[in-house]
Amino acid sequence: MSGIWGWFGGGSAAQKRKDSPKNAILGLRTQLDMLQKRERHLQNQIDEQDAIARKNVSTNKTAAKQALRRKKVAESTLETTLGQITTLEQQINAIESANINRETLAAMQAAREAMGKIHGKLTPEKVDEEMAKLQEANDLSNEIATAITSANIGQPIDEDELEDELNALQQEEVDSKLHETGGSIPVHDKISLPAAGTGALKGKEKAVVEDDEEEELRKLQAEMAM
């Protein structure tokens with residue numbers, strides 16, 4: 001019980017009020033202990049007088065009656081003592097329960113005050129406001145990161161200049177391959193052939209193919225005639 005009584009401090013008057021249930025319980029327990037000892041003593045007397053009465057029931061009726069009379073007195077006193085013990089136990093339980101309820105309520109009040117200090121002036125509206133600000137900060141951070149990663153830093157690249165360099169590399173490759181044959185044909189001349197010339201070459205190739213087919217057909221007819 002010492003842990004329960006030592007929860008709260010305070011001035012001497014407040015401390016006395018807090019110790020009052022403790023002192024009451026201690027006093028009741030002291031009295032209860034005394035009554036329990038008396039109960040055991042009375043029960044021993046009852047057993048002793050009962051034994052005397054049984055011993056003298058046939059040989060000494062007077063002594064047996066006196067023993068029974070003392071037994072009755074002890075039984076009556078024991079019954080009263082048992083009632084007192086029951087009453088004290090009920091009072092102790094009631095005080096302990098009331099004190100526990102008081103200490104529990106005080107602990108709950110202390111917890112409420114602590115939560116109030118923790119939360120301070122915090123309200124659901126302020127929480128929503130802070131969360132909105134946090135979201136805005138995150139959005140701004142994402143926008144800044146996107147702007148940094150997508151920015152083109154340095155001089156812009158001239159696409160025409162890249163095309164000229166590519167053509168020059170192609171010319172160098174063609175010159176290198178044709179150098180072994182002793183000739184050099186500019187790559188521009190090969191790539192930029194007129195469309196009509198290309199068409200004429202294709203027509204010539206088609207005519208050669210057709211002449212070959214006619215020749216094969218004539219050979220086949222001559223073989224069949226034989």
Side-chain angles (χ1 to χ4, degrees), residues 1-10 14 18 99-226:
M1 297 293 293
S2 60
I4 297 177
W5 304 109
W7 277 1
F8 302 97
K18 292 176 182 179
N99 188 66
I100 290 174
N101 292 337
R102 186 192 69 173
E103 298 293 348
T104 301
L105 178 60
M108 294 173 65
Q109 291 174 343
R112 177 184 56 79
E113 293 175 359
M115 292 184 66
K117 292 179 181 179
I118 292 172
H119 290 155
K121 298 180 180 180
L122 193 63
T123 62
E125 291 76 13
K126 289 186 177 181
V127 172
D128 292 338
E129 182 180 353
E130 292 299 324
M131 293 301 296
K133 291 180 179 179
L134 179 60
Q135 185 61 45
E136 290 178 1
N138 289 334
D139 293 341
L140 178 60
S141 177
N142 292 334
E143 291 177 2
I144 293 173
T146 301
I148 290 175
T149 56
S150 62
N152 292 324
I153 301 175
Q155 294 293 332
I157 299 175
D158 189 346
E159 296 294 333
D160 293 336
E161 183 178 351
L162 289 178
E163 189 67 27
D164 292 340
E165 291 184 8
L166 179 60
N167 292 334
L169 291 175
Q170 289 177 337
Q171 179 65 52
E172 290 178 4
E173 183 179 359
V174 172
D175 290 343
S176 176
K177 290 181 178 180
L178 295 179
H179 181 69
E180 299 176 358
T181 62
S184 177
I185 300 175
V187 69
H188 299 292
D189 294 342
K190 297 188 65 177
I191 296 174
S192 303
L193 290 176
T198 304
L201 289 175
K202 290 183 178 180
K204 185 177 180 180
E205 292 175 357
K206 183 177 181 182
V208 172
V209 172
E210 290 178 351
D211 291 342
D212 291 341
E213 291 177 351
E214 289 292 336
E215 181 66 25
E216 291 292 333
L217 181 60
R218 286 194 297 270
K219 290 180 179 180
L220 180 60
Q221 290 174 345
E223 291 177 358
M224 290 178 65
M226 293 175 62

R112 and M115, any side-chain heavy atoms less than 4.5 Å apart | no
Non-hydrogen side-chain atoms of T104 and M108 separated by less than 4.5 Å | yes
4.5 Å side-chain heavy-atom contact, N101 and L105 | no
Rounded to the nearest 0.5 Å, how far does CG of L169 lie from CG of D164?
-> 11.0 Å
Heavy-atom distance under 4.5 Å between the side chains of N167 and Q171, does that happen here?
-> no
Salt bridge (Lys or Arg N to Asp or Glu O under 4.0 Å) partners for E173, two or more places apart = K177
Kindly say whether E172 contributes a backbone atom to a donor-acceptor pair with the side chain of S176 at under 3.5 angstrom?
-> no
Among E125, M131, K133, find the residue that satisfies the side chain to side chain contact (heavy atoms under 4.5 Å, CB included) test when tested with E129.
-> K133
Can you tell me how far CG of L140 sits from CD of E143, rounded to the nearest 0.5 angstrom?
-> 6.0 Å
With the threshold set at 4.0 Å, does a side-chain nitrogen-carboxylate oxygen contact exist between K117 and E113?
-> no
State, with a plain yes or no, whether a side-chain heavy atom of R102 is found less than 4.5 Å away from one of N99.
-> yes
